[in-house]
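All remarks here apply to the structure that follows.
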Amino acid sequence: MRVRLAQGIALLSTGALAGAFGYGAANLVPTFDAVPLEMRLSFHSELMKMNGVTMQAAMGASVLSALVLALMTRGTARRLAGGAALLALSSFLITRLGNVPINGRIKKWAVTSAPPDHADVLARWELFNHARTFAAFAAFTLLILLTLRRAPYDGGAAEVGPDGGRGHGRPIESPV
């Protein structure tokens with residue numbers, strides 16, 4: 001039961017993270033490119049104020065829940081959950097080391113003016129954004145694969161079914 005709870009939390013948090021980054025990549029970034037630069041800078045700065053807490057929480061929950069799941073499982077399940085944890089950690093590191101410093105520059109530009117090389121800096125921000133989005137989707141995909149596996153999550157301990165027979169490594173459905 002604890003493994004299934006950890007798995008559910010890991011799926012929920014990585015799915016939310018991938019969905020948020022996916023929405024941003026598919027909708028916000030093209031909108032940023034379609035509006036005047038001053039509007040983009042102002043909106044981007046305000047958006048980052050709101051995203052700061054929520055996205056870091058989603059990234060932290062994704063890393064921790066996938067790591068807990070990896071520690072609770074064995075074999076392929078452990079490798080998939082561990083890979084998901086590393087990918088979620090990658091999305092966090094890409095954000096903290098790539099996007100966040102650029103967000104600080106954008107915040108300054110919003111109240112002053114953008115430098116001549118602003119297009120290159122914004123393109124670099126978008127590259128980091130695509131990388132973290134890919135990492136989040138890859139983490140979510142690994143957890144989906146783990147969930148869809150037929151192999152046991154506990155490393156092979158078979159459960160005893162209602163008739164006293166062995167479950168052959170598959171979870172036994174409740175007779176209720």
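The hydrophobic cluster containing Met50 does not contain Met55, counting ILVMFWY residues as joined when their side-chain heavy atoms lie under 4.5 angstrom apart, directly or transitively. Two different hydrophobic clusters hold Leu86 and Leu67 under the rule that ILVMFWY side chains link at heavy-atom gaps under 4.5 Å. Residues Leu12 and Val68 do not share a hydrophobic cluster, defined by chaining ILVMFWY side chains whose heavy atoms lie under 4.5 Å apart. Criterion: ILVMFWY side-chain heavy atoms under 4.5 Å apart, direct or through other members. Under it, Leu89 and Met59 are part of a common hydrophobic cluster. Cluster membership for Leu17 and Val53, using ILVMFWY side-chain heavy atoms within less than 4.5 angstrom, is not shared.
To the nearest 0.5 Å, atom CG of residue Leu146 and atom CG of residue Leu11 are 8.0 Å apart. Here the CZ-CZ distance, from Phe134 to Phe21, works out to 14.0 Å after rounding to the nearest 0.5 Å. In this structure, CG on Leu69 lies 10.0 Å from CD1 on Ile9, to the nearest 0.5 angstrom. With values rounded to the nearest 0.5 angstrom, Arg2 atom CZ is found 15.5 Å from Arg4 atom CZ. Distance check: Gln56 CD to Asn51 CG gives 10.0 Å after rounding to the nearest 0.5 Å. Atom-to-atom distance recorded for Leu80:CG and Leu142:CG is 5.5 Å, nearest 0.5 angstrom.
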Review item, side-chain donor-acceptor pairs of residues 91-108, under 3.5 Å, at least two apart:
residue	atom	partner	partner atom	Å
Ser91	OG	Ala88	O	2.7
Thr95	OG1	Ser91	O	2.7
Thr95	OG1	Arg132	NH1	3.2
Asn99	ND2	Trp125	O	3.2
Asn103	OD1	His44	NE2	3.0
Asn103	OD1	Trp125	NE1	2.9

In a table with atom names and distances, give each donor-acceptor pair under 3.5 Å that connects a side chain of residues 24-37 to protein atoms at least two apart or in another chain.
residue	atom	partner	partner atom	Å
Asn27	ND2	Tyr23	O	3.4
Thr31	OG1	Asn27	O	2.7
Asp33	OD1	Arg40	NH1	3.2

Give every donor-acceptor pair under 3.5 Å between a side-chain atom in residues 115-123 and any protein atom, sequence neighbours left out.
residue	atom	partner	partner atom	Å
His118	ND1	Pro115	O	3.0

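A donor-acceptor contact under 3.5 angstrom links the side chains of Ser65 and Ser13, judged on distance only.
A heavy-atom distance below 4.5 Å is found between the side chains of Thr76 and Arg149.
The two atoms that bring Leu143 and Ala10 nearest to each other are CD1-O, 3.6 Å, heavy atoms only.
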